[in-house]
Amino acid sequence: MNVNVIGLGYIGLPTSIVFAKHGIKVRGIDTKQDVVDRLNGGQIHIEEAGLEELFQQVLQDEMFQAATQPGKADAFIIAVPTPNRNDEFRSCDDRYVVSALEAILPILEPGNLVVVESTIAPRTMEDIVQPMIEKAGFRVGEDIFLAHCPERVLPGNIMHEMIYNPRIIGGMTEACTEKAAELYGRFVKGELIRAKAGEAELSKLMENTFRDVNIALANELAKIGQELDINPLKVIEMANMHPRVNLHQPGPGVGGHCLAVDPYFVIAAAPKVSPLIQTARAINTSMPEYVVQNVRNLMSDKSNKRVTLFGLTYKGNIDDVRESPAMEIKEMLEQEFDVRIFEPHVTNMNMTGEEACEDSSLIVVLSDHDEFRNIPKSFTDNMSQAVVFDTKNVVSTVAKDVKYFNYGSLYEAKYEQNKVTV
Ligand code: SAJ
């Protein structure tokens, strides 16, 4: 069996490799010539645990090859980005899905399966994808089989989750669903959940919206705790001992290409009936400003205006800075402070912890990398009255003379420094 995977990014590349590992010959398509050249030359361009090893294997076995143009195949998997448009509700920009379809239409043959894995707005399969295929003269469900099979993998654990997560198979017709289930059944060990395409679209979006709304609740609780002088992290810990409560964790905001993006697709599709999702988005996007305000307070009695940021990625132990709130915080702080960065996961950022902390007054932890669990004395020794503000509650040890605040103790800072509440 031959498959084309269109889009060799964070999802398309691991997907290609998993297919190839399971005996399916994969032609991976990317419009970027340098990505194609690097892959064919044996180099991967993303960091993901376990990916490199499998990639080398399938390349050696000649089960994977990259190219800029699609070729004839049994199935086509579209895994291209779907960013937000810059319109009122930040709707789904499906232009890359549309151009991927345009690229395969001339080579489609009766019997082919077309799967959209990219996250798309509800009704995209019915209102946009199916009409494009029909306009080219095919009958969906009879000669072309069409399905939406959203991926649900967690960056950092992709290679495991791609195989073991339950997978939604949303066909345009039952025959489409069966054809797609047959393909994914070759490697998915989790349940194959058969659904209609529209249900698959909305389920994927609501999974991430669920998380976004719950994180907003935790972020709101962090602000409430600071206002009321109550430790919100302790509240979360205790509340979560209730058998039916699962409060999430507050942080510097919500980043990544999913949670900070997908809820808008739902909002834009149904703006009048989605006030809760809209408010949650507003709370989460307010967090960078909230962090900056707290940094100003912590820095107000310091004469040395150097601030060191620990981590720029949108979450821990990955190299991905897309939609990262830390980037926004960095840009805001750079207007007022001398900002240095310690980011051990992003390849071109090579300042050591010692260098980044030298002569600094404040460390602000913005990503929960494992490297930040213990802040060695050598980092803080050359700081002036070192203070750590840990927005991810990740640090477990710091040198004795260092002052440490997280969202649980931030309210104490205002008394200590005799500051007004933010
Ligand atoms: N975050 C918090 N507090 C929390 C949990 C997360 O502030 O309690 C923040 C993280 O720091 C990060 C953001 O939320 O900035 C998103 O991180 P995440 O780990 O929740 O999710 P992603 O974006 O890496 O992956 C999500 C996953 N969705 C769900 O868990 C419902 C993943 O399964 C999806 O495949 C992925 O989105 C996607 O591609 O849609």
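Reckoned from all heavy atoms, side chains included, excluding hydrogens, waters and symmetry mates. One-based numbering, in listed order, for ligands and for the atoms of each. Counting begins at 1 with the first residue of the sequence.
- Every residue was checked against the side-chain hydrogen bond (donor to acceptor under 3.5 Å, both in side chains) condition with R38, not counting sequence neighbours, and none meets it.
- Rounding to the nearest 0.5 angstrom, the gap separating the CD1 atom in I77 from the CD1 atom in I29 is 12.0 Å.
- With a heavy-atom cut-off of 4.0 Å, R211 touches ligand 1 through its side chain alone.
- For the atom pair CD (E343) and CD (E371), the distance works out to 8.5 Å, reported to the nearest 0.5 Å.
- Protein heavy atom nearest atom 13 (C) of ligand 1, with residue, atom name and distance: G255 O, 3.6 Å.
- In terms of polar-atom proximity, R152 is counted as a contact of ligand 1, with an N or O under 3.5 Å from an N or O of the ligand.
- Close approach of ligand 1 to P155 is summarised as follows: ligand atoms under 4.0 Å from at least one heavy atom of the residue are 24 (O), 25 (O).
- Considering backbone and side-chain N/O atoms, N208 comes within less than 3.5 Å of an N/O atom of ligand 1.
- Close approach of ligand 1 to C258 is summarised as follows: ligand atoms under 4.0 Å from at least one heavy atom of the residue are 23 (O), 36 (C), 37 (O), 38 (C), 39 (O), 40 (O).
- Under 4.0 Å from ligand 1, the heavy atoms of K204 that appear belong solely to its side chain.
- Ring geometry, F379 versus F342: the interplanar angle exceeds 60°, so the pair is classed perpendicular (tilted spans 30 to 60°).
- Some N or O of V153 is nearer than 3.5 Å to an N or O of ligand 1, by distance alone.
- Looking at L410 and F389, their side chains come closer than 4.5 Å, going by heavy atoms from C-beta outward.
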Let me see the working for M63 and V26 under side chain to side chain contact (heavy atoms under 4.5 Å, CB included), right down to the final yes or no. CA-CA 6 Å; M63 293 302 286; V26 177; over 6 Å; no
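- Taking each heavy atom of K234 and N231 in turn, the nearest pair found is N-OD1, 3.0 Å.
- Counting atoms of ligand 1 from 1 in the listed order, those under 4.0 Å from a heavy atom of E207 are 31 (C).
- Shown in contact with L259 at under 4.0 Å from a heavy atom are these atoms of ligand 1, numbered in order with element: 14 (O), 16 (C), 20 (O), 21 (O), 23 (O), 26 (C), 37 (O).
- The closest approach between any non-hydrogen atom of K392 and ligand 1 is below 4.0 Å.
- Cation-pi geometry between K392 and F372 is not satisfied (NZ or CZ under 6.0 Å from the ring centre, within 45° of the ring normal).
- Taking a 4.0 Å cut-off on heavy atoms, G256 fails to register as neighbouring ligand 1.
- Residues meeting the side-chain contact (heavy atoms from CB on, under 4.5 Å) test with T82, sequence neighbours left out: C92, V97, S118, T119, I120, F265.
- Taking distance alone, with nitrogen or oxygen atoms compared against 3.5 Å, K315 approaches ligand 1 more closely than that limit.
- Of all protein heavy atoms, the one closest to atom 24 (O) of ligand 1 is Y314 OH, 2.7 Å.
- Between C149 and A180 the shortest heavy-atom distance is SG-CB, 4.2 Å.
- Shortest contact from atom 8 (O) of ligand 1 to any protein heavy atom: Q249 N, 2.8 Å.
- A heavy-atom separation below 4.0 Å is found between I215 and ligand 1.
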